Amino acid sequence: MAATELEQVVNLCKRRGFVYPSAEIYGGSRSSYDYGPLGSLMLRNVREAWIRTMVQQRDDVVLIDAAILAPPQVFEASGHLANFSDPLVDCTKCKQRFREDHLTDPNVCPNCAAVGSFTEARAFNLMFKTFAGPIEGAGAEVYLRPETAQGMFVNFVNVLQTSRKKPPFGIAQVGKSFRNEITPGNFIFRTREFEQMEMEFFVPPAESAHWYQYWCDARMRWYTDLGIPAEMLMLRPHEADELSHYSTGTSDIEFKYPWGWGELEGIAQRTDFDLQRHAEHSGQKLDYFDQANNERYVPYVIEPAAGVTRAMAAFLLAAYDEDIVNDEPRTVLRLHPRLSPYKVAVLPLSKKDTLTPLARELYATLADRYMVDYDETQAIGKRYRRQDEIGTPLCVTVDFDSLEDDAVTIRDRDSTAQVRVPIASLLSEVAGRLGF
Ligand code: GAP
């Protein structure tokens with residue numbers, strides 16, 4: 001089962017400290033969110049799962065971390081200043097603003113139901129502009145990046161010269177991006193401040209079609225390997241009128257959100273568009289000399305572009321489940337162990353001092369390797385439920401017998417089955433069950 005209503009996950013996230021509306025004490029915001037103690041751990045896990053697959057397990061992709069603020073020249077060259085806009089319409093009756101391409105009926109206002117009340121659509125550029133230094137004005141403008149991708153293009157030669165890679169190879173990056181979205185919404189699905197994980201894969205032009213297919217398949221697999229059921233995902237090629245200004249072909253990995261199918265990640269064929277444009281605008285050579293074939297060429301680019309925050313939403317929605325355990329309803333997040341905020345919870349059966357030293361010792365041993373929760377409040381059943389609800393795959397219970405038999409109980413989140421395990425083999429038992 002997965003969440004059927006967005007509210008199920010929104011409420012759980014608020015209740016358990018995954019996600020809060022940003023600056024909530026001042027009324028909160030629909031356009032950005034703060035990630036709490038559990039949400040920030042989970043975001044880190046999503047990032048690390050991506051870096052593990054996209055960088056660590058490959059010898060043809062390197063990681064960078066480029067600046068968020070960039071001068072206008074970058075976005076003039078990339079085409080974002082001219083083209084990165086959405087069609088904005090105003091309702092003349094209720095004064096609300098909408099993205100024209102998101103309206104179900106382009107004649108009817110979804111807020112006040114007025115008919116024919118929209119202004120002509122105008123192009124609204126989505127980039128946030130600010131000023132660097134103490135003087136505002138021309139020459140001091142900088143932009144908050146709307147995608148991490150340009151950091152890879154402007155550093156193409158730096159990386160080529162310092163990393164000893166040659167096409168086909170990729171440059172990956174994880175970091176914040178900013179878009180002045182006209183209609184942010186659906187919780188963390190569309191926000192104005194969000195996090196992306198993108199990789200630009202530079203290939204000989206003749207290999208572009210092969211690598212496009214390769215990355216479409218690989219990226220679908222990443223989500224299913226991390227527990228999203230295949231039937232909640234589909235690959236949808238863009239229609240010609242949906243393509244970004246830099247793309248000759250894009251497929252979206254779509255996820256079945258409670259409100260319908262929607263984008264989770266895009267895989268685009270950016271050709272040599274960005275490198276050519278930056279070469280023209282900067283006057284620098286952004287190409288590759290292939291010594292084996294004695295030819296110089298500008299590589300083509302295949303770009304898998306995902307959202308950290310949007311992926312977290314999808315993982316939470318897919319993992320959400322409600323079942324009955326011991327005749328009581330239970331909410332459980334069936335998250336992949338790599339994604340769950342805590343991997344293990346150590347729970348002394350009672351708060352009595354006699355159990356504390358052993359429980360603390362086991363906590364320290366496990367915490368050396370994993371993110372571990374320690375909880376000695378409330379009845380044990382309630383503590384299990386709390387861990388189920390935040391997706392902790394394993395609970396380790398220390399009871400009074402543990403002091404005699406040097407063993408503890410391991411409880412599995414999904415099956416709720418409990419087994420007794422010698423303390424001496426606890427670490428290997430946990431590693432075997434988590435898979436790492
Ligand atoms: N460099 C290409 C690029 O940025 P995109 O399809 O606009 O392509 C890639 O964005 C991914 O970034 C999206 O599939 C989504 O996961 C995430 N994303 C984009 N805009 C977002 C927003 N406003 N809020 C949250 N995530 C967003």
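Every heavy atom of this structure was used, including side-chain atoms; hydrogens, water molecules and symmetry mates were not. Whatever order the structure lists ligands and atoms in, that order sets their numbers, starting from 1. Worth saying up front: this structure is predicted, and the values here are computed from it rather than measured.
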What do the steps show when you test F18 against Y35 for ring-ring contact (aromatic ring centres under 6.0 Å, His included), and what is the final call?
-> CA-CA 6 Å; F18 280 83; Y35 293 80; 9.7 Å; no
Please find out if less than 6.0 Å separates the ring center of W211 from that of F201.
-> yes
Please name all residues satisfying side chain to side chain donor-acceptor pair (under 3.5 Å) with H238, sequence neighbours left out, ordered by chain then number.
->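 Only D252 meet the side chain to side chain donor-acceptor pair (under 3.5 Å) criterion with H238.
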Taking side chain to side chain donor-acceptor pair (under 3.5 Å) as the test, write out the residues that go with E181, two or more places apart.
-> none
Which heavy atom in D414 sits nearest to a heavy atom in R330, and how many Å separate them?
-> O-NH2, 3.5 Å
Applying a heavy-atom distance cut-off of 4.0 Å, which protein residues contact ligand 1?
-> E147, A149, R179, E181, F189, R190, T191, F194, Q196, E198, Y246, E263, L264, E265, G266, R270, E303, A305, A306, G307, R310
Scan residues 304-320 for pairs that pass side chain to side chain donor-acceptor pair (under 3.5 Å), counting only residues two or more places apart or in two chains.
->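 Non-adjacent pairs meeting side chain to side chain donor-acceptor pair (under 3.5 Å): Y320-E322.
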